[in-house]
Each structure stands twice: as structure tokens, then as C-alpha cells.
Amino acid sequence: MIIHLVAAARPNFMKIAPLYHALAKESWAEAIIVHTGQHYDLNMSDAFFSDLRLPAPHRHLGIGSGTHAAQTGKTMISYEKLLMDETPDLTVVVGDVNSTIAATLAATKLGVKVAHLEAGLRSFDRTMPEEINRIATDALADVLWTPSPDADENLAREGVDASKIKRVGNIMIDSLELLRIKIEASAIYKDYNLNKSSYGMVTLHRPANVDEKESLKKMCDVLIEISKGLPLVFPVHPRTQKQLAAFGLLNTLKNTENLILTKPLNYIRFMNLVFNSRLVVTDSGGIQEETSYLGIPCFTLRPNTERPITVKQGTNRLCTPNNVVAEVNKTMTNGKPPANKIDLWDGNTADRVVKSIKELRDSTI
Ligand code: UD1
């Protein structure tokens, strides 16, 4: 069975890696990694392949950056061409980036079966490009692998047939467990002259937070304020770097004592810093999940989340620029919020996905 694993951007690589390794053990399966090239910088892409012990992508579409339509359109054209040259038995798409919907559209129109890993998540906020990608991908995919009960409910409400939905758990936790020994082996915080559990991690890259000067300035003010009580490490995403420079905010941040700006970090270094941090301030999706799993307080600078289970059962709190400093200070004084174990976030999701693919294969022979 030939299976395309389509990956495009940084968070996708952590989602295909455990599945690639699990499929490599199966004699009936041949997994082909298709990198669309949406992320192309060394530290946004290649560094993740080596950390996650992935081979170089078997196919590379070289799409690069662009507007939403340009990126989606180019990926569709290029992936359609690849599909016509070598038709897989299944295309697996992950997450919610532009390549996810692009590959789904190209494959389904050619009659290639599509499975979506991390299906069913909804923020109910259609101003987010990812929400559009999630809704459209889930409407088209043949198999929907979900991480949590809320995702199952969302799909059912949208009319997806129950037979297509399989709850498999959270694949990102597999990556984390796969590499836990390596992640725990070092103490990266020492490189920044920091002490264990006495610094915070920051990531910011959502268009809503970084694309307008006013919102990005607010974010910067918040970070400067928090850093007065807790040193912060902030690996800066290329989008954010560009905007900080354009709005003349970069030097202020660079000159803030206790605020350490770095280039985007590879997976192992970044996770090592998260493991040893006191708390995390972010607008990422995946980090809300990783911190919940690890029991580390997470302050998400967004009005909503497509991962509500991290708020209900995990350590995640949705914050605004107006209340995040107070929330962080509360946690610094009162300690961690309680965190519960989330069902099927256990490091065995890839095995459940492989089982589901095998069932699909057996039902179509
Ligand atoms: C994309 C995803 C987002 C995901 C994020 C993770 C969409 C709609 N968004 O957003 O869901 O959370 O990836 O990072 O698919 N750039 C570089 N080097 C790179 C990649 C990008 O310099 O390797 C620059 C581009 O020139 C562009 C900007 O970063 O200006 C944004 O890149 P893009 O892939 O369009 O969106 P992200 O913000 O990364």
C-alpha cells in the first residue's frame, strides 16, 4: 500500500514523524514523505527532519511563501502533477495549514482516498485561515482521525458520517515520547545563563497578533512587563521577525533585559527549554497541547482555541493582552493549575492510526 504523508510546515513534521516510523515497520506499507515546501528555512524545516530522524523528503514540491491563494493554488497544481505520475493508495494530510487543504482538494478530485490526522478541531473563528482549512479538509476527507471527544462532536454536528470518524489520540505526544530521552538529556537553559524552572518560554506568530502594528506593540509591552518578574526566552518565528523589524519594535525587545530573543529552535532544543520552564506564553496550537501533557502552565494569547480540552482538562488558559500579566503573576504566586491526564494522549497514537489504515486496506482489497 503506497501512502503519501503530506507535510508542509513546522508543526506538520512532528505529526508525520511517528506515523512514518510506525509504517516503516509494516511490510505491507510504503510511506512516501511529500514535503510541499511551505516552510523552507533550515531551522523551520531541515532541523526538524534530523531531530525527528526522518529521511530527506522523498518528494519535494518547493512551493515556498505566498498569499493564501497563491500558496494553496501552487500546491494543488504541483501535488496534482505528482499524483498523476504516481497514484498512492492513500494520501494522509495533517493539521490545518494551507497545504493540508490543497493536497486534500487535489487528491479527492483524482479519486485518491484522503485521511486527515488531527481532524475535527474547531475554534469557531472564521477569521483564522486555519479554521477555513480545517472545515474544508474535514468536509472532503474519507477518514477522519481525531484527537479528542470535542472533535468527534464537531464532525458529527457538521454531518460527517460516524463510520468515517476514528478517535486515535494526539500524535504530537508520540513525537514527544519518541524523543523524550534526547529531550531530557541536556539543559539548554544553561546556554542562556538561566536556572531550571525559573524562566518562561514565549512563541508568537498568529497573523491576528503580529500582522498589525498596534497588536504586535501590545504583545511586546506584555512581554516586557512579564520579563520584569521572570526571564523569558523567545524564539522568533520568521513572520514575527519580519513584522517586528517593519514596525521598528525589534530593537526595543532586543534591548530588554531578561528577554532573550533567539532564532527559531530545533525540536529537541525547544522542547528541552519547555520541559524545564516555569510557564509558557504562546499563540501556538501545538504548544497548548504539549504543555497540558507536561503539566506546565500555558497562557494562550488568543480569544479562542480549537483545542478546548487543554483548557478544560489541561493547564491552558486563554488570555488577552490586558489580563495576561495578572494571570502570569497569579500563577507565579499560587503555583501550577491542576492538570488531568487526557484520554489517548499517550504516545501510542501512531499505532492506532496504522491499525486504522490496515482496516481500510483490508476493506478495499
Ligand atoms: C503557517 C501556518 C500556521 C502554522 C505555522 C507554523 C497556514 C495558513 N499557516 O503559518 O497554521 O501555525 O505555519 O509556523 O498554513 N517564512 C520564512 N521561512 C520559512 C517559512 C516562512 O521566512 O521557512 C516567512 C514567509 O516568507 C512568510 C512568513 O514567514 O512571510 C509566514 O510563512 P507562512 O508559511 O505563510 O505562514 P506561517 O505564519 O508560518
Side-chain angles (χ1 to χ4, degrees), residues 6-16 35-50 52 57 60-76 78-79 93-105 116-119 121-123 125-138 171-172 175 201-212 215-216 219 234-247 250 262-267 270 280 282-290 300-302 304-307 310:
V6 179
R10 191 167 59 174
N12 290 169
F13 308 136
M14 282 92 89
K15 290 168 195 162
I16 61 155
H35 189 330
T36 68
Q38 181 172 341
H39 283 179
Y40 42 86
D41 281 358
L42 207 65
N43 52 12
M44 294 293 283
S45 174
D46 302 28
F48 283 77
F49 275 74
S50 65
L52 296 161
H60 204 296
L61 307 183
I63 299 305
S65 301
T67 62
H68 287 281
Q71 216 168 42
T72 310
K74 277 195 219 163
T75 310
M76 282 179 70
S78 185
Y79 188 51
V93 296
V94 299
D96 53 18
V97 301
N98 287 339
S99 302
T100 309
I101 178 59
T104 302
L105 276 165
H116 183 203
L117 180 52
E118 199 189 83
L121 298 184
R122 296 290 180 268
S123 65
D125 176 358
R126 289 197 181 201
T127 65
M128 285 182 79
E130 293 82 1
E131 182 74 354
I132 310 295
N133 294 340
R134 289 188 282 260
I135 293 167
T137 301
D138 288 342
I171 194 81
M172 299 260 289
S175 282
M201 289 298 292
V202 177
T203 81
L204 285 177
H205 74 281
R206 293 277 158 219
N209 285 337
V210 307
D211 279 5
E212 301 294 332
S215 8
L216 188 53
M219 296 293 149
F234 180 12
V236 186
H237 185 284
R239 174 191 281 276
T240 312
Q241 169 86 23
K242 211 187 287 179
Q243 301 302 80
L244 284 170
F247 300 145
L250 195 54
T262 75
K263 289 210 159 62
L265 300 172
N266 66 31
Y267 179 71
F270 179 76
V280 177
T282 191
D283 60 9
S284 149
I287 295 169
Q288 297 172 45
E289 302 179 332
E290 288 158 340
T300 299
L301 283 162
R302 284 179 44 191
N304 49 54
T305 177
E306 59 289 334
R307 292 156 163 95
T310 60

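Both ligands and their constituent atoms are indexed starting at 1 by order of listing.
Contact between Ser215 and Ala208 at its shortest, heavy atoms only, is OG-O, 3.6 Å. Of all non-hydrogen atoms in Phe270 and Met201, the two that sit nearest each other are CE1-CE, 3.6 Å.
The protein atom (non-hydrogen) at minimum distance from atom 7 (C) of ligand 1 is Gln38 NE2, 3.6 Å. For atom 27 (C) of ligand 1, the closest non-hydrogen atom of the protein is Lys242 NZ, 3.7 Å. Given atom 35 (O) of ligand 1, the protein heavy atom at minimum distance is Gln71 NE2, 3.6 Å. Given atom 2 (C) of ligand 1, the protein heavy atom at minimum distance is Val97 CG1, 3.6 Å. The nearest heavy-atom contact from the protein to atom 37 (P) of ligand 1 is His237 CE1, 3.8 Å. Nearest protein heavy-atom neighbour of atom 11 (O) of ligand 1: Glu130 OE2, 2.6 Å. At the top of the distance list for atom 22 (O) of ligand 1, counting protein heavy atoms only, stands Pro238 CB, 3.3 Å. Atom 8 (C) of ligand 1 has its closest protein heavy atom at Asn98 OD1, 3.4 Å.
Counting heavy atoms closer than 4.0 Å to ligand 1, residue Pro11 contributes side-chain atoms (C-beta onward) but none from N, CA, C or O. When non-hydrogen atoms are compared, ligand 1 lies under 4.0 Å from the backbone of His39 as well as from its side chain.
Checked against a 3.5 angstrom limit, the closest N/O atoms of Tyr40 and ligand 1 fall inside it.
For the pair Ile63 and Ser99, the minimum side-chain heavy-atom distance is 4.5 Å or more. Taking 4.5 Å as the limit, every side-chain heavy atom of Glu118 sits out of range of all side-chain heavy atoms of Val94. Thr36 places none of its side-chain heavy atoms less than 4.5 Å from the side chain of Tyr79.
For Asp283, the salt bridge (charged side-chain N to carboxylate O under 4.0 Å, His left out) test picks out no residue, with sequence neighbours left out. For Asp125, the salt bridge (charged side-chain N to carboxylate O under 4.0 Å, His left out) criterion is met by no residue, not counting sequence neighbours.
By heavy-atom distance, the residue among Arg239, His205, Met128 lying nearest atom 4 (C) of ligand 1 is His205.
No donor-acceptor pair under 3.5 Å is formed between the side chain of Thr300 and the backbone N or O of Arg302.
Those atoms of ligand 1 with a heavy atom of His68 less than 4.0 angstrom away are 8 (C). The distance from ligand 1 to the heavy atoms of Met44 drops below 4.0 Å at these ligand atoms: 23 (O). Every atom of ligand 1 with a heavy atom of Ser65 under 4.0 Å away is listed here by number and element: 25 (C), 26 (O), 27 (C).
Aromatic ring orientation, His237 versus His205: parallel (interplanar angle below 30°, classes split at 30° and 60°).
Ring pair Phe48/His39: centre-to-centre distance not below 6.0 Å.
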